[in-house]
Structures are given as C-alpha cells and as structure tokens.
Q: 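Please see the structure below; I have some questions.
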Amino acid sequence: MTKIKVQDKWNRPLQDLRISVIDRCNFRCIYCMPKEIFGKDYAFLPKDQLLSFDEIESLVKVFAELGVNKIRLTGGEPLLRRNLADLIKRINQIDGINDVALTTNGVLLVRQAQQLKDAGLDRINVSLDALDDTVFKAINDSGVSSSAVIKGIDAAEEAGLTVKINMVVEKGVNDNHVLEMASYFKKRGITLRFIEFMDVGTSNGWDFSKVVTKKQLFEQLTTKFELEPVDAAYFGEVAKRYRYKGTNTEIGFITSVSESFCSSCTRARLAADGKFYTCLFASAGFDLRKLVRDGKNHEQLSEEVQTIWGNRADRYSDERTEETVKNRKKIEMSYIGG
Ligand code: SAM
Ligand code: SF4
Ligand code: SF4
C-alpha cells in the first residue's frame with residue numbers, strides 16, 4: 001500500500017484513530033453518563049444506526065492509507081458490542097495497522113479476555129477510579145464492586161494482554177484514594193494513568209474547581225514514592241510518563257486540562273454512528289456513514305477524509321476558558337468514546 005501523507009492546518013499528521021463501537025454502557029459513571037440524563041428512557045442508537053463491521057473495516061482501510069497505524073476501540077462499553085473479537089481480527093489484518101487497543105470498564109473481561117487476545121488485541125486499558133468499594137460504587141452508580149474490575153484485570157493479564165489502568169481523578173470524590181491505587185498497582189507492576197477530569201459533553205457538571213491537576217497529583221505521590229521521568233516513546237504520545245525509581249513500573253498523567261497537548265494531537269475519532277470528529281471537544285462531526293451507505297468507493301471516502309483533516313484547526317484544550325466550558329456545544333463522552 002502506498003501511503004498518502006495528510007497534515008492539518010497546524011501540520012499535525014493523522015496517526016491514530018479511536019473508534020466507538022457502541023454508545024451504550026453497563027455503568028453510569030457520574031463524570032460520564034450521569035443517571036439524571038442517561039436514565040431508563042434515554043434513547044441510545046438503534047442497531048441499524050451503528051456502523052456495521054463491514055463499514056468499520058472499509059473506513060479503517062481508508063484511514064490506514066492516510067497514516068493511521070494505531071486503532072483503539074472504545075464506547076460506551078465496547079465489550080457490550082456483540083462479536084467484538086471478530087472486528088478485532090478484521091482490523092488486525094489491515095495493511096498498515098500495527099497496534100490494536102481497547103478501553104473498557106473491565107467487568108466483561110473475565111468472559112472475553114482470551115478471545116480478544118486470540119483475535120489479535122495487543123493492549124487493553126481498564127478504567128478503575130478507586131479500590132475502595134464505597135467510593136467506586138458512588139462513581140460508577142451501578143452497584144459494581146471494584147473486585148469485579150480486578151477480576152477482569154486478572155483475566156486480561158492471564159490471557160497475555162498488556163494492561164494499563166485509567167483513573168479519572170475528581171476533587172472531593174476520589175482524590176484521597178490516589179496513593180492507595182498507586183501502591184496497589186505498583187505492587188502488581190501495572191502502569192496506572194491519572195486522567196484529569198475533563199469538560200467533555202455538557203452533562204457532567206464539570207468546572208475547574210473539580211479538577212485535580214498533574215502538579216497536585218505529583219505532589220501527593222512524591223510524599224510516598226520516588227519518581228523519575230521517562231521519555232516519550234513517539235511524537236504525539238499523550239501521557240506524561242514516570243517510573244518508580246529502581247523499578248520498571250510506570251505511572252502516567254493525562255494532563256488535558258492543566259498542560260494541554262493540542263500541538264501534537266494526531267488523533268481522529270469515529271463515533272458509533274459513523275460521525276468523524278477531529279477533536280474530542282468538537283461540536284459537530286462529518287457523516288461518513290452516509291457516504292459509505294450512499295455507495296462511495298475507497299477513493300471517494302479517502303478524498304473526503306483528506307479534505308476534512310486538511311481543514312482541521314482544532315486546539316480546544318489550548319483555548320479552554322470559562323466561556324468555552326459554558327457555551328460551547330460538545331459531544332458526550334460515551335458517544336464519542338474518550
Ligand atoms: N467504557 C469504557 C471505559 O470506561 O473505559 C470506555 C469508554 S470511556 C468514555 C473512555 C475513558 O474515558 C475512560 O477511561 C473514562 O474513565 C474516561 N472518561 C470518561 N469521562 C471522562 C471525563 N469527563 N474526564 C476524563 N475522562 C473521562
Ligand atoms: Fe461507561 Fe466508560 Fe462512561 Fe463509565 S466512563 S459510564 S464505564 S462509558
Ligand atoms: Fe486533540 Fe482536541 Fe484534545 Fe486538543 S482538545 S488534544 S485538538 S482532541
């Protein structure tokens with residue numbers, strides 16, 4: 001395959017693609033899908049509006065030709081999508097794709113980890129915001145105990161998957177549980193990544209005062225651990241990485257709010273209904289599903305994506321203000337997939 005090089009208005013290449021495979025979830029995390037909004041009557045996408053595996057495969061071929069080599073499957077909860085392993089198998093065979101990853105809340109891993117690995121999944125990020133059950137249940141708002149997620153993590157490791165943990169830290173909610181999480185995953189030799197609470201969507205009641213910054217987390221962590229920086233592995237690596245001194249175990253920080261990284265953002269997002277977003281905080285997406293269902297061929301789809309990426313000038317986190325937080329219409333996290 002001959003690659004076509006595309007760059008946006010700020011010379012950022014297109015390197016990785018996140019695909020949300022479903023907008024539904026078995027959790028109702030307070031910072032992502034609060035029950036008041038995502039209640040019993042919430043209208044999730046009907047099945048025929050989700051991209052089919054054939055459609056996803058065609059689009060990934062287009063993106064791979066334009067420089068994407070990494071795919072991350074997400075949601076909603078991606079493990080709720082039936083036969084996900086089949087999709088992984090197909091994506092893994094696409095020329096140019098050399099890294100297939102998944103982000104999940106983990107509870108369905110006990111049943112699925114081995115088949116995901118066998119299908120060619122390389123890496124998995126499991127979200128877990130506290131070990132303490134009272135705190136974790138208050139966050140997931142679905143009565144799920146942290147031990148259910150830990151069992152999923154165990155299953156993923158047993159299957160041979162590389163596992164990382166994502167912890168979203170929200171002030172007054174779980175910031176007192178940072179050291180407990182760090183100690184536990186250090187002992188297990190698993191990378192833990194702290195994610196600053198973000199103003200994605202409009203339903204999670206976000207404001208600046210609820211964010212625990214990397215600086216604050218770092219101060220807390222260094223009361224107990226000695227940390228040394230680890231160099232970024234490639235252009236556009238999002239996490240700021242550190243290692244516990246004298247070990248190979250790492251921790252990372254995703255500093256979307258306190259130290260934005262838009263200048264090296266090479267990520268595109270495909271929502272479950274086929275809308276293509278050039279930024280996590282975009283107000284609108286481009287309807288690729290319509291083009292696919294109208295019968296556009298590979299070249300026509302490719303031209304469309306090249307034009308969209310070529311016109312991209314997003315740098316929301318660089319420009320975030322009280323004003324943009326309040327007034328900008330944004331897509332919900334569970335739909336766009338994080
Ligand atoms: N359901 C899966 C999960 O929870 O891992 C995948 C989808 S979830 C939207 C992807 C990631 O986004 C998770 O790690 C989650 O914790 C994170 N996330 C959700 N809402 C967030 C927010 N407001 N700020 C920061 N991270 C958030
Ligand atoms: Fe579901 Fe993941 Fe959102 Fe939690 S963060 S509600 S598990 S999609
Ligand atoms: Fe990329 Fe948009 Fe996030 Fe900036 S705000 S890093 S452009 S997704």
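The first residue of the sequence shown is numbered 1, and numbering continues consecutively from there. Atoms within a ligand are numbered from 1 in the order they appear, just like the ligands themselves.
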Q: Counting non-hydrogen protein atoms only, what is the nearest one to atom 4 (Fe) of ligand 2? Give residue, atom name and distance.
A: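 Atom 4 (Fe) of ligand 2 sits closest to the protein heavy atom Cys29 SG, 2.3 Å.
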Q: Check whether any side-chain heavy atom of Trp309 lies under 4.5 Å from a side-chain heavy atom of Leu66, and answer yes or no.
A: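 Side chain of Trp309 against side chain of Leu66, heavy atoms only: no contact under 4.5 Å found.
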Q: Does an N or O from Asn125, backbone or side chain, lie closer than 3.5 Å to an N or O of ligand 1?
A: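 N/O-N/O distance under 3.5 Å: no.
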Q: Heavy-atom distance to atom 6 (S) of ligand 3: which of Ala268, Ala282, Cys265 wins?
A: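 Selected option, by shortest heavy-atom distance: Cys265.
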Q: Could you check atom 8 (S) of ligand 2 against the protein and tell me its nearest heavy-atom contact, residue, atom and distance included?
A: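 The closest heavy atom on the protein side is Gly76 O, 3.6 Å.
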Q: Are the charged groups of Arg320 and Asp199 less than 4.0 angstrom apart, N to O?
A: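 Salt bridge present between Arg320 and Asp199.
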Q: If the contact criterion is a heavy-atom separation under 4.0 Å, does Glu196 count as touching ligand 1?
A: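 True for this residue.
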Q: Below 4.0 Å from ligand 1: does a non-hydrogen atom of Gly76 turn up there or not?
A: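 Yes; Gly76 lies near enough to ligand 1 that a heavy-atom distance drops under 4.0 Å.
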Q: Nearest 0.5 angstrom please: Tyr277 OH to Ile308 CD1, how far?
A: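 Those atoms lie 11.5 Å apart.
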Q: Is Ser334 close to ligand 1, meaning an N/O of one under 3.5 Å from an N/O of the other?
A: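 In fact, backbone or side chain, Ser334 has no N or O that close.
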Q: Going through the distances and angles, do Lys215 and Ser258 end up as a side-chain hydrogen bond (donor to acceptor under 3.5 Å, both in side chains)?
A: CA-CA 8 Å; Lys215 186 166 174 286; Ser258 70; over 6 Å; no
Q: What is the ring orientation for Tyr242 with Phe218, classed by angle as parallel under 30°, tilted 30 to 60°, or perpendicular over 60°?
A: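 Tyr242 and Phe218: tilted rings.
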Q: Do the charged groups of Asp287 and Lys290 touch, with an N to O distance under 4.0 Å?
A: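 Salt bridge between Asp287 and Lys290, a charged N being under 4.0 Å from a carboxylate O: no.
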Q: Does Gly75 come within less than 4.0 angstrom of ligand 1, counting non-hydrogen atoms of the residue?
A: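 Under 4.0 Å: yes for Gly75.
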Q: Any N or O of Tyr31 that comes nearer than 3.5 Å to an N or O of ligand 1?
A: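 So ligand 1 has an N or O lying under 3.5 Å from an N or O of Tyr31.
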Q: Please identify which atoms of ligand 2 are closer than 4.0 Å to at least one heavy atom of Asn105.
A: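 Close to Asn105: 7 (S).
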Q: I'd like to know if Asp16 pairs up with Arg72 as an ion pair, taking the criterion as any Lys NZ or Arg NE/NH1/NH2 lying under 4.0 Å from an Asp or Glu carboxylate oxygen.
A: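 Result for this pair is no, no salt bridge flagged.
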Q: Using a 4.0 Å heavy-atom cut-off, which part of Met198 comes near ligand 3: side chain, backbone, both, or neither?
A: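 The answer is neither; Met198 stays 4.0 Å or more away.
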Q: Where is the nearest protein heavy atom to atom 1 (Fe) of ligand 2: which residue, which atom, and how far?
A: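 In this structure, atom 1 (Fe) of ligand 2 has Cys25 SG, 2.3 Å as its nearest protein heavy atom.
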Q: Write out the residue and atom name of the closest protein heavy atom to atom 7 (S) of ligand 3, then the distance separating them to 0.1 Å.
A: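 Answer for atom 7 (S) of ligand 3: Asp314 O, 3.6 Å.
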Q: Any cation-pi pair here, Arg312 with Trp10, using under 6.0 Å and within 45°?
A: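 No; the conditions do not both hold, so Arg312 does not lie above the ring face of Trp10.
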Q: Within the 4.0 Å heavy-atom shell around Met33, which atoms of ligand 2 are there?
A: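 So the atoms of ligand 2 that pass are 6 (S).
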Q: Mind checking whether Arg320 has a heavy atom under 4.0 Å from ligand 3?
A: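 False for this residue.
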